[in-house]
Amino acid sequence: MSALAINTQYVDILPINNQSFSQKGFEGSFAINSALDQLLIKENDEIIIASPFQKDLIFISEGIIAKVNSINPIPPTQELITKRKLDGLPPPKETFSHNFKIKITKELETNNLLSDLEYSIKSVYRFNNPIVHFQQQFRSLSKQDYDTIVHGWVYAARTTFGKLINAIPRQNKLEFMLQAMDHFSTVDFRDIALDEGVVFLYNYIDRRILSRGRLLVATNKLIKDHLSDIIPSEEIGFFNPKTKQTNNLNLQASAFEDLFQLENKSNIIKFIKKSISEDSQLEQRFLQIFKNETWPIDLSI
Amino acid sequence: MKEFIKTIKDYAVLLNKCSTWHNSKDILAPIITEANTELAADCYIYEFYCYISIIVDLMNKYEIRFKEGKGAFKYKFPQAAANKAGKPMFLAQKNGQTQFQICAGTKINGLIDSEENHPDISFQLPSASDNPTHNDLIIIIDAKFSEQEGSLPKTEVYKFGMIIDLFELRGLPKDKIKFHKYEGFSANCLITNGKAYSDPSNIQLLQKYAMKEIEKFYPSNTYNIIG
């Protein structure tokens with residue numbers, strides 16, 4: 001293993017000096033409990049300290065394994081031995097406490113949330129809940145993923161595509177995929193450049209969803225401006241006799257107003273294209289890393 | 001890059017909120033398959049936009065009153081065609097006297113028993129009951145949404161002509177509806193955000209069926225009336 005991420009939710013990091021593990025120069029120790037007597041963690045391996053943060057995960061600092069301190073066998077407790085016996089199971093085996101000394105070399109500050117980097121880290125693929133990839137004492141990282149995290153490098157095209165596609169309902173995702181298969185004459189999208197995918201996706205969203213949003217905003221404005229004396233404008237909406245659902249026009253229109261405001265402010269598609277082309281070297285790096293990967297569409301969301 | 005991340009995250013959160021109805025699980029843009037191609041054109045959101053646009057225009061010429069619906073329909077319009085009873089509607093009045101009713105998606109019984117239809121917008125005589133027939137109609141309007149902003153298909157125009165015929169609306173309207181800005185809408189109209197089917201230089205078909213086509217009717221657009 002040359003690089004790993006340690007999750008402070010499962011591992012206590014104890015200071016040797018009086019610093020915090022978010023600070024450069026911090027020295028401390030931690031222990032991993034494992035059924036294995038050997039872990040592949042070596043001196044000078046690179047580490048990233050991560051912690052849960054709201055519903056996200058924050059990458060706090062980077063450093064190195066300064067020393068592999070000791071590996072201590074832990075005999076099973078009497079309670080566990082008795083329980084296994086009662087359950088008719090074979091006796092429990094001893095476990096091992098692996099103790100390490102670490103040194104923090106840098107505090108991470110840029111794009112250091114998992115939600116910033118989920119589409120840029122190759123080992124992340126469960127976009128409905130990417131934190132699961134880090135919900136353990138430690139996980140190994142490829143050198144590429146390690147570099148991505150410590151530099152806060154963002155794969156702009158994949159991030160745009162992923163954030164947008166996974167924001168729309170599953171039915172629309174499936175419909176988009178069928179249309180994209182037809183348009184690009186492909187079944188798995190591997191060979192289709194993501195920036196082409198982004199443009200096709202934005203057109204889909206504009207045609208299917210935003211076109212209706214513009215109508216809702218305009219209708220709501222007409223009602224508010226002209227009819228509020230004769231009808232309670234905030235109550236107006238639709239009732240779907242099939243699903244028995246009540247759909248409020250004003251609430252939906254307000255959400256679209258916020259969306260269009262953001263679009264107007266940044267001219268979203270130009271802004272995205274600019275961000276993608278801004279650092280073409282970085283995009284090239286990511287193109288290589290994700291070469292054989294298909295588009296990041298998660299149908300479980 | 002920091003600004004990019006923030007913008008794209010904020011945008012995704014809003015898009016997620018917008019693409020499903022705020023207080024239900026109905027998705028905003030139902031998927032269109034070969035089995036339900038009509039769904040594409042019959043967009044209740046567009047129909048309602050046309051309906052409200054017309055109501056607001058009529059306010060310049062009439063006193064507009066709102067008639068509440070019943071139960072869940074008190075202030076909510078049916079998302080699909082429905083019976084008239086218990087649904088909200090607007091009334092156009094002059095000096096407190098109703099001149100006509102403006103209904104959305106109401107079922108109308110036609111000349112032939114089996115051939116009921118649900119025009120998206122119907123102008124009905126003040127005396128029209130909760131079970132209106134073609135005899136209660138003044139004019140009808142259908143709204144057709146085209147995501148591709150394409151031309152109205154021939155089938156839609158022919159179908160609308162047939163409905164007009166079944167409702168015996170090819171003659172002079174029973175009343176003259178006075179529009180303001182939408183002067184020219186006072187006929188049976190097929191409204192679309194896309195383009196009309198008919199060439200403005202040849203409106204014989206539209207004349208034959210006493211109908212007009214209104215094209216490019218969409219927020220911030222300039223529409224054209226053909227016919």
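Just so we're clear, the structure is a prediction, and the values are computed from it rather than from any experiment.
Proximity to chain A involves both the backbone and the side chain of B/Glu3, based on heavy atoms less than 4.5 angstrom apart. At a 4.5 Å heavy-atom cutoff, the contact between A/Thr246 and chain B is made by backbone and side-chain atoms alike. For B/Ile5, the part lying near chain A is the side chain, with the backbone staying farther off; criterion is any non-hydrogen pair under 4.5 Å.
Each of A/Phe189, A/Phe200, A/Phe184, A/Tyr202 was compared with A/Phe176 under the ring pair (Phe, Tyr, Trp, His ring centres under 6.0 Å) criterion, and only A/Phe200 meets it.
Within a 6.0 Å radius of CG in A/Asn128, other residues, nucleotides and ligands contribute more than 12 heavy atoms. The number of heavy-atom neighbours closer than 6.0 Å to CZ of A/Phe53, taken from other residues, nucleotides and ligands shown, is 12 or below.
Side chains of B/Ile141 and B/Phe123 form a contact here, defined as non-hydrogen atoms less than 4.5 Å apart. Proximity of A/Ile60 to A/Asn112: side-chain heavy atoms (C-beta onward) are nowhere separated by under 4.5 Å.
Interface remark: of the candidates A/Leu178, A/Ile205, A/Leu227, A/Leu164, A/Leu227 forms the most heavy-atom pairs closer than 4.5 Å to chain B. Comparing B/Lys6, B/Lys76, B/Arg65 by heavy-atom pairs within less than 4.5 Å of chain A, the highest count is held by B/Lys76. Put simply, of A/Thr243, A/Asn172, A/Ile168, the one with the most heavy-atom pairs under 4.5 Å next to chain B is A/Asn172. Among B/Lys25, B/Lys17, B/His22, the residue with the largest count of heavy-atom pairs under 4.5 Å with chain A is B/His22. Note: B/Ala72 leads B/Gly69, B/Pro78, B/Ala72, B/Ser220 in heavy-atom pairs under 4.5 Å with chain A. Contact count against chain B (heavy-atom pairs under 4.5 Å) is highest for A/Glu263 among A/Lys221, A/Lys274, A/Glu263, A/Lys244. Your options are B/Pro219, B/Ala82, B/Cys18, and the one with the most heavy-atom pairs under 4.5 Å with chain A is B/Cys18. For the set A/Arg207, A/Glu175, A/Lys163, A/Arg208, the entry with the most heavy-atom pairs within less than 4.5 Å of chain B is A/Arg208. Interface check for chain A: of the options B/Phe73, B/Tyr11, B/Phe77, the most heavy-atom pairs under 4.5 Å are formed by B/Tyr11. Ranked by non-hydrogen atom pairs under 4.5 Å with chain B, the options A/Gly237, A/Ser211, A/Ala218, A/Gly213 are led by A/Gly237.
Using a 4.0 Å cut-off between charged nitrogen and carboxylate oxygen, B/Glu147 and A/Arg212 count as a salt-bridge pair. Ion pairing between a basic and an acidic side chain is recognised when a charged N comes within 4.0 Å of a carboxylate O; A/Arg214 and A/Asp206 show such pairing. B/Glu213 has no carboxylate O lying under 4.0 Å from a charged side-chain N of B/Lys195, or vice versa, which leaves the two without a salt bridge. By the 4.0 Å N-to-carboxylate-O rule, B/Lys9 lies close enough to A/Asp116 to be salt-bridged with it.
Between B/Tyr223 and B/Tyr182, the distance separating the two ring centers is shorter than 6.0 angstrom. B/Phe90 and B/Phe66 have their aromatic ring centers within a separation under 6.0 angstrom.
Side-chain polar atoms of B/Gln99 and B/Asp175 form no donor-acceptor pair below 3.5 angstrom. With hydrogens and angles left out, the side-chain atoms of A/Ser61 and A/Glu107 include no donor and acceptor closer than 3.5 Å.
Within residues 249-259 of chain A, the residues having any heavy atom less than 4.5 Å from a heavy atom of chain B are, in residue-number order, A/Leu249, A/Leu251, A/Gln252, A/Ala255, A/Phe256, A/Asp258, A/Leu259. The stretch residues 46-56 of chain B places B/Tyr46, B/Phe48, B/Tyr49, B/Ile52, B/Ser53, B/Ile55, B/Val56 near chain A, each with some heavy atom under 4.5 Å from a heavy atom of that chain.
Note on ring orientation: taking the six-membered ring where Trp is involved, the planes of A/Phe290 and A/Phe286 are tilted (angle from 30° to 60°).
A/Glu283 and A/Ala156 get closest at one heavy-atom pair: OE2-N, 2.8 Å. Annotation for A/Asp145 and A/Lys122: closest pair OD1-N, 2.8 Å, computed over non-hydrogen atoms.
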